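Shown next, in structure tokens, is the structure this report addresses.
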Amino acid sequence: MSKKRKRVSIRSLLGRGQDGDFSNENFAGIPFPLEELERFRELLAALQRTAPVAISQPIIANINALQRTLRDLLQFVNTSTLPGVVKAQLQSILEFTIASSEVAPFVRLNTIVNLQDLLSDLLEVTLLLIIISAEKDQIVGILRSTGVALTTASERIGSGQGPTGPPGPVGPQGVPGPAGPPGLTQTVDFNPDHAGSYEPGQIVTYEGSLYIVNTANPLGVPGTSPDFTLLVSAGQTGATGATGLAGAAGVTGSTGEVGAIGATGVTGITGATGTGFTGSTGSTGITGTTGATGATGVTGATGAGLSGILAFDPAAAPGYPAGQVVTYLGSTYITNVASPTGVPDTSPDYTLLAGAGVTGATGIGLAGISGATGLTGATGVTGATGVIGATGTTGTTGSTGVTGLSGATGLTGATGDTGVTGVTGFTGVTGVTGLTGATGLTGATGITGLTGATGATGISGITGATGITGATGTAVATDGFSAFLPALSTAASTQLTGWTVTPPYFDSATIDEAAGNFTVPTTGRYHISATINYSTTAAISIALGAGVNPAFVVQRTSPTVTPLISGLFPVLNVNVALVLTLRAILGNGTVTLSGDVTLTAGDVVGLFYAANGLSVALDLGGAGTPGIVWSIHRIT
């Protein structure tokens, strides 16, 4: 159980002068514009609906509804015209209440205590507003009803067990607890002559206010001495006029533990006419010894568990019974009705149980409350590296073929085997060398001898056989496309349409750019990739629920709906207990999809944005001109 939060009177903060003393006698109330009054009343009515239900039935949907209401109320306070000290007080208790509601598992008792404190602060602020009496009465009535409903819900905590067993025997009388501090029946007027005999816990009155003594033999006078603590301050004298409206009854606190009955306190001292405050509740006596435990009640029937979880199949959905648990896009849902319609992330026939996990982005330090710097979020786990596709088998080297007619350049064929070298022809017989002529007389040139006959030409070698022509390569470039989408604004799940294929991007006969549909021309393996830039249209003002996980999905839409490749938005997720809780998408970013899949001729494939509960308006394509690129190519 959390430590009780120290209560501070908002009226006392507003009544202080510039020097910190209670000297602002001209304070008449808090002005409140009509448009803010309407919104204030709507939020209190929402709190009246969601708070008791979250306490009595703490399921995920009810807890999320309470958290949304508390965050809406916090946003209203931040932007309202309320005085700064009032804003600070309400911001403090709202932050504590939101933090206690986000503790897992949900601790109802802590949340009830903070909700009761919140209702007390809201009631005090309401009574200080300068508004029409009828409007004030209506808001006080809402707060009173909410407090009663919370008290009723808190009394049922732990009642969701099996049937009650028979009463156990009455235990022996507990040992009486020690005497508590003096109650209001022993209140005395402060007298400095008698102060030396005061014991700790003595209640005294001084100048219309009520104080408790902290130490024996206190020194000084109440209001200035640290030996006295203020319990109830004197009400300021109201202006003479009609009698003010009766103050609303204080919100009933949660039931405390049973103990010895203490002495009944006397009626508190009547302050001067004005808006008074309820005095503090006396301490509960020590609980007596617990009686013997009664016999254990009969065990209740076992609730429906998560056995029998199925992957969502639209063809099998008409046969789902109410309560069937299914998975879809990484999230888990339960059917609300038999034979549900639609798909889990958009149809009201399904309720989200657990959102898909997301790789956390590196946390960004955020400014905490009152200027404190938020803790840096933990770096998200790096996704595993995709498996590298196996290298295709090298085709058999074909024989060298004859040069064919020039046509479209295909893939380079494998080099053919070199043909067998033909047999070398025989060398012809060398002709007989002619006789050398006799040397003539000096000066006269002798007759040149006859040239020998030319030898016969050798036989030509046999021509090698022509190599076999290699197989024609597959023209994969014709089965695919690359398209560009400059921008698309949306706040809901949608298919990305209106693509362009102007260079450097390229077209294909099987892509419908306007509808965003690619029809598979040939059965085979295809490589799919997409780079999607996005940005929000405005600053994020609310946090995301735990089950909100927006994503981009490449999906086969015909003949059956099948998600092929998905990529989640980067989400900032910070949870520092009692200091800061934040879960939101980044204001801008890039999601990359890539993968190889087997497709059948006639399949229809599209690129989709799946909001999965996100209602923030987005500019798909991002700010400026980054855009979105999507391509599909057949690889076998």
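This is a predicted model, so every value here is computed, not measured. These numbers come from the heavy atoms of this one structure, side chains and all, not from hydrogens, waters or symmetry mates.
- Contact record, V553 with P563: CG1-CB, 4.0 Å, taken as the closest heavy-atom pair.
- Here the side chains of T494 and F608 are not in contact, with every heavy-atom distance at 4.5 Å or above.
- Nearest heavy atoms, L329 versus A610: CD1-CB, 4.4 Å.
- Taking the salt bridge (charged side-chain N to carboxylate O under 4.0 Å, His left out) definition, one finds that R49 meets it with nothing, sequence neighbours left out.
- Among all heavy-atom pairs drawn from A54 and N62, the shortest one is CB-O, 3.7 Å.
- Contact between A617 and A491 at its shortest, heavy atoms only, is CA-CB, 3.9 Å.
- In this structure, N612 contributes its side chain and N549 its backbone to a donor-acceptor pair below 3.5 Å.
- Residue T536 holds its OG1 atom at 7.0 Å from CG of L618, rounded to the nearest 0.5 Å.
- With R108 contributing its side chain and I55 its backbone, the two residues share a donor-acceptor pair below 3.5 Å.
- Between F312 and Y333 there is no side-chain heavy-atom pair separated by less than 4.5 Å.
- Atoms CZ and CG, on F76 and L43 in that order, are 6.5 Å from each other to the nearest 0.5 Å.
- Each of L37, V140, L129 was compared with E135 under the side chain to side chain contact (heavy atoms under 4.5 Å, CB included) criterion, and only L37 meets it.
- Within the model, atoms OG1 of T146 and CG of L115 stand 10.0 Å from one another, a figure rounded to the nearest 0.5 Å.
- In this structure, the side chains of D117 and F96 stay at 4.5 Å or more apart for every pair of heavy atoms.
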Problem set entry | Worked verdict on R39 versus E42 for salt bridge (charged side-chain N to carboxylate O under 4.0 Å, His left out) | CA-CA 5 Å; R39 179 57 176 160; E42 291 174 2; 3.4 Å; yes
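- Side chain of S331 to backbone of A356: a donor-acceptor contact under 3.5 angstrom is found.
- A donor-acceptor pair is defined here as one N or O able to donate and one able to accept, closer than 3.5 Å; such a pair exists between the side chain of N336 and the backbone of P348.
- Judged purely by distance below 3.5 Å, without hydrogens or angles, the side chains of T341 and D349 pair a donor atom with an acceptor atom.
- Under a 3.5 Å cut-off, the side chain of N78 and the backbone N or O of L74 do form a donor-acceptor pair.
- Side chain of R583 to backbone of V548: a donor-acceptor contact under 3.5 angstrom is found.
- Between Y609 and Y534, a ring centre-to-centre spacing not shorter than 6.0 Å is recorded.
- Panel note: side chain T335, backbone Q324; a donor-acceptor pair is recorded below 3.5 Å.
- A donor-acceptor contact shorter than 3.5 Å links the side chain of T126 to the backbone of L122.
- Looking at S145, its side chain does come within 3.5 Å of a backbone N or O of G141 through a donor-acceptor pair.
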